[in-house]
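Input: a single structure, listed below in structure tokens.
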Amino acid sequence: MKSLVFILGVYFIFSLNSCSQDFKKLDNTELDKIKLQIAQNFAVNYLTKLREGSFYEFHDEAIDALKSQLTEQNQKLIYHQLSDKFGDFKSLEYAETWIQGNNNSILIFRFKSNFEKSKKKLEVRVVLNESGKIAGFWIKPWSDMLK
């Protein structure tokens, strides 16, 4: 009975591992500097506009689903919550880039950002799709591990 439980446990762990998303950190030599610049410019411009009391006006740089989620009202609400807790946006710096598996079509750019009241860094994450369009955008507490 114990060996059956052990075998089932090993099988279960193997199944979870095979279903997990395999992410790979890119070395700086593999980095597409043009796409990094797209991601970084977007993040800085977005947060700067909101800090100034305005909002980021999307054009053709992002997918439609993201544009429909980040309306003027939602942008201002999110930034208000951020600034209440962490202060105003000050700056960000590039940290690292990840891809899923060996597929370079989706790039995950991670930036460490500074906010006025926060002693800890916040992560600003920008995801670009195969067309170089922004497909995801998050701001969350920094973690050395990709989560």
Side-chain angles (χ1 to χ4, degrees), residues 1-51 55-71 74-87 89-115 117-147:
M1 182 65 173
K2 287 182 181 180
S3 58
L4 179 62
V5 170
F6 176 74
I7 291 170
L8 287 175
V10 169
Y11 177 75
F12 178 71
I13 291 171
F14 177 74
S15 296
L16 286 176
N17 191 34
S18 66
C19 293
S20 69
Q21 296 180 349
D22 181 33
F23 289 98
K24 175 187 164 198
K25 184 177 175 181
L26 286 184
D27 186 74
N28 283 341
T29 59
E30 303 172 277
L31 187 59
D32 183 334
K33 302 225 186 281
I34 292 171
K35 289 189 176 177
L36 168 60
Q37 198 63 49
I38 291 169
Q40 189 164 12
N41 286 344
F42 167 73
V44 169
N45 291 337
Y46 179 91
L47 290 166
T48 300
K49 287 280 191 187
L50 291 166
R51 180 186 65 210
F55 69 99
Y56 185 85
E57 292 186 58
F58 287 96
H59 299 286
D60 195 34
E61 72 276 40
I63 62 171
D64 290 338
L66 185 71
K67 290 191 261 186
S68 67
Q69 290 296 313
L70 292 176
T71 63
N74 286 343
Q75 288 181 40
K76 288 181 176 182
L77 177 66
I78 292 166
Y79 189 77
H80 179 70
Q81 292 170 347
L82 273 173
S83 63
D84 278 353
K85 188 168 186 175
F86 302 108
F89 167 71
K90 289 172 50 178
S91 65
L92 59 76
E93 64 187 40
Y94 171 72
E96 58 194 23
T97 302
W98 292 75
I99 59 171
Q100 186 173 358
N102 290 322
N103 182 0
N104 283 352
S105 64
I106 302 291
L107 297 168
I108 303 165
F109 293 97
R110 299 180 74 203
F111 302 93
K112 289 182 180 179
S113 66
N114 296 306
F115 283 74
K117 296 183 204 172
S118 180
K119 293 180 183 177
K120 294 184 179 181
K121 303 278 186 184
L122 294 179
E123 175 184 352
V124 174
R125 184 180 298 182
V126 180
V127 178
L128 295 185
N129 67 13
E130 62 279 355
S131 303
K133 289 191 175 200
I134 298 144
F137 180 69
W138 291 270
I139 300 171
K140 55 198 250 174
W142 179 262
S143 169
D144 289 335
M145 301 295 295
L146 179 69
K147 294 181 183 179

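All heavy atoms count here, side chains included; hydrogens, waters and symmetry mates do not.
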Give the minimum heavy-atom separation between [X] and [Y], together with the two atoms involved.
X	Y	value
Ala43	Val124	CB-CG1, 3.8 Å
Lys140	Lys147	NZ-O, 3.2 Å
Asn129	Ile106	CA-CD1, 3.9 Å
Lys33	Asn28	NZ-O, 4.1 Å
Asn74	Gln69	ND2-O, 2.7 Å
Ala95	Trp142	CB-CH2, 3.6 Å

Nearest 0.5 Å, please: how far is [atom2] in [Y] from [atom1] in [X]?
X	Y	atom1	atom2	answer
Asp32	Ile38	CG	CD1	7.5 Å
Gln100	Phe23	CD	CZ	4.5 Å
Ser83	Leu47	OG	CG	11.0 Å
Lys76	Lys49	NZ	NZ	11.5 Å
Leu26	Trp98	CG	CH2	9.5 Å
Ile78	Ile139	CD1	CD1	7.5 Å

Check your understanding: Between Tyr79 and Phe89, is the gap from one ring center to the other below 6.0 Å?
Key ->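 No.
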Point to revise | Greater than 12 external heavy atoms within 6.0 Å of Lys117's NZ | key: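 Count over threshold, so yes.
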Review point. What do you reckon, is NZ of Lys85 surrounded by more than 12 foreign heavy atoms closer than 6.0 Å?
Key: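 No, the 6.0 Å shell around NZ holds no more than 12 heavy atoms from other groups.
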Check your understanding: So, Tyr94 versus Gln37: side-chain donor-acceptor pair below 3.5 Å or not?
Key ->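 Gln37 and Tyr94 do not have a side-chain donor-acceptor pair below 3.5 Å.
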Please tell me if the side chains of [X] and [Y] come closer than 4.5 Å, counting only heavy atoms from C-beta onward.
X	Y	result
Asp60	Lys133	yes
Ile99	Leu107	yes
Glu96	Asp144	no
Tyr46	Gln75	yes
Phe111	Gln40	yes
Phe58	Leu70	yes
Lys112	Glu123	no

Exercise for review: Please determine if Glu30 and Lys24 form a salt bridge, counting it only when a charged side-chain N lies under 4.0 Å from a carboxylate O.
Suggested key: yes
Check your understanding: Can a cation-pi geometry be assigned to Arg110 and Trp138, taking NZ or CZ under 6.0 Å from the six-membered ring centre and within 45° of the ring axis?
Key -> no
Review point. Once the angle between the rings of Phe42 and Tyr56 is folded into 0 to 90°, is it parallel (under 30°), tilted (30 to 60°) or perpendicular (over 60°)?
Key: perpendicular
